[in-house]
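Per chain, numbering begins at 1; letters A, B, ... match sequence-line order. Worth saying up front: this structure is predicted, and the values here are computed from it rather than measured.
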Protein chains: 2
Amino acid sequence: MGLTKTENFTGRQNQLAAFAKALGHPARIAIVEYLLAHNSCICGDLVDELPLSQSTVSQHLKELKQVGILRGDIEGVSVCYCIDEQGWTQAREMLTGLLATPIGNAECRPSTSCC
Amino acid sequence: MGLTKTENFTGRQNQLAAFAKALGHPARIAIVEYLLAHNSCICGDLVDELPLSQSTVSQHLKELKQVGILRGDIEGVSVCYCIDEQGWTQAREMLTGLLATPIGNAECRPSTSCC
DNA sequence: AATTTTAATCGTAATATTGCGATCAAAAGA
DNA sequence: TCTTTTGATCGCAATATTACGATTAAAATT
């Protein structure tokens, strides 16, 4: 298999998972942190910053771009990357919403009280 | 390869990525949401709830347990799962911290203003 | 026009993930 | 003790991810 059964989950659950998955690699965390700190940068700056090859960095950038967290604007020879404020805001709101959920007290079966 | 070069990133970056990765699958989002809503449940309840086999659900539970988001306490024949408040709090604080980072204005190269 | 710079893409290899059925181990109940 | 219930684990197959070097394409420079 290796194939996630996305059709059996809600769109919201799939979207949440997609955002979380995009952040689920230290290199992509580092890229996002760098762009949050520096506003905008070209790919080469990130290649200098990260312990990864140019092609690998480019691939991570592609994933973050595809999920909507980054934008990449062509600037002559180079490509200027930055946080996509729209996508980033959506990711923040969705993930923050999940993380801020209070732990409910509803029991799934009446007399089960363990944790 | 297929092997993440964790040693070249900070412990914080790796921990953040591990939490995000654990949430990077719709089934695990669904499990966390279910446990947030129901406080505590046995594995069989989740198997009834999710469109996945028992072994697959068990595997997802294992991943969430390993990263510290869930706890599983043996209760006779069954296992009672619940949110691990400590781990969940840490995940919330770390991820919320990243998501709440204001977008900085520092330019990585003086005359580059694109996005 | 030829060269250089920049970054995307291709091809490949190693490893991880997802999912399932089957089996196993432990506790509870008959 | 034998059976049932519960859920972890094993083994397998399909697919995805991670990483790199090599190549390619496009714009800028010479």
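B:Leu46 places its CG atom 15 Å from the P atom of C:dG19, with the value rounded to the nearest Å. Across the protein-nucleic acid pair, B:His60 atom NE2 and C:dA16 atom C1' stand 13 Å apart, rounded to whole Å. For the pair B:Arg71 CZ and D:dG7 P, the interatomic distance rounds to 16 Å; values are reported in whole Å. Look at NZ on B:Lys5: it is 19 Å from P on C:dA13, rounded to the nearest Å. Between the CD atom of A:Gln66 and the C1' atom of D:dT17 there is a distance of 13 Å, given to the nearest Å. For B:Ile31 and C:dG19, the CD1 to P distance is 10 Å, given to the nearest whole Å. Atom-to-atom, CG of A:Asn8 to P of C:dG19 comes out at 9 Å; the value is rounded to the nearest Å. Between the P atom of C:dT6 and the OH atom of A:Tyr81 lies a distance of 14 Å, rounded to the nearest Å.
A salt bridge (Lys or Arg N to Asp or Glu O under 4.0 Å) check over residues 50-60 of chain A, counting only residues at least two apart or in different chains, returns nothing. For residues 91-100 of chain B, the pairs satisfying side chain to side chain donor-acceptor pair (under 3.5 Å) are B:Thr89-B:Arg92, with sequence neighbours left out.
Candidate nucleotides C:dC20, C:dT17, D:dT6 were compared by shortest atom distance to the side chain of B:Lys21, and C:dT17 ranks first. Nearest to the side chain of A:Val79, among D:dA8, D:dA22, C:dA8, sits C:dA8. Here the nucleotide nearest the side chain of B:Ser55, chosen from D:dT9, C:dT9, C:dA8, is D:dT9. The nucleotide whose nearest atom lies closest to any side-chain atom of B:Ser78 is, among C:dG21, D:dG7, D:dC20, D:dG7. Of the candidates D:dA16, D:dA19, D:dA8, the closest approach to any side-chain atom of A:Leu3 belongs to D:dA16.
Between B:Thr56 and C:dG19, a side-chain N or O to OP1/OP2 separation shorter than 4.0 Å is absent.
With sequence neighbours excluded, the residues forming a salt bridge (Lys or Arg N to Asp or Glu O under 4.0 Å) with B:Glu33 are A:Arg12, listed by chain and number. Partners of B:Thr56 by side-chain hydrogen bond (donor to acceptor under 3.5 Å, both in side chains), not counting sequence neighbours, listed by chain and number: B:Ser53.
B:Asp84 contributes no side-chain N or O that, together with a main-chain N or O of B:Arg71, makes up a donor-acceptor pair within less than 3.5 Å.
Nearer the 5' end of DNA chain D, as judged by each residue's closest nucleotide, is the contact made by B:Val57, out of B:Val57 and A:Gly24. Along DNA chain D, the nucleotide nearest B:Leu61 and the nucleotide nearest A:Glu63 are compared for position; the residue whose nucleotide lies closer to the 5' end is B:Leu61. Across the interface with DNA chain C, nearest-nucleotide mapping of B:Ala27 and A:Ser58 shows A:Ser58 to be the residue nearer the 5′ end.
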Would you give me the side-chain donor-acceptor pairs under 3.5 Å for residues 22-29 of chain B, sequence neighbours excluded?
| unit_1 | atom_1 | unit_2 | atom_2 | d |
| --- | --- | --- | --- | --- |
| B:His25 | ND1 | B:Ala27 | N | 3.0 |
| B:His25 | NE2 | A:Thr4 | OG1 | 3.3 |
| B:Arg28 | NE | B:Ala22 | O | 2.7 |
| B:Arg28 | NH1 | B:His60 | ND1 | 2.9 |
| B:Arg28 | NH1 | B:Glu63 | OE1 | 3.3 |
| B:Arg28 | NH1 | B:Glu63 | OE2 | 3.3 |
| B:Arg28 | NH2 | B:Lys21 | O | 3.4 |

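Heavy atoms only, all atoms of each residue included: A:Thr6 and A:Asn14 are closest at O-ND2, 2.9 Å.
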*Base versus backbone protein contacts along nucleotides 23-30 of chain D [heavy-atom cut-off under 4.0 Å; B, S, -]*: ----BS--
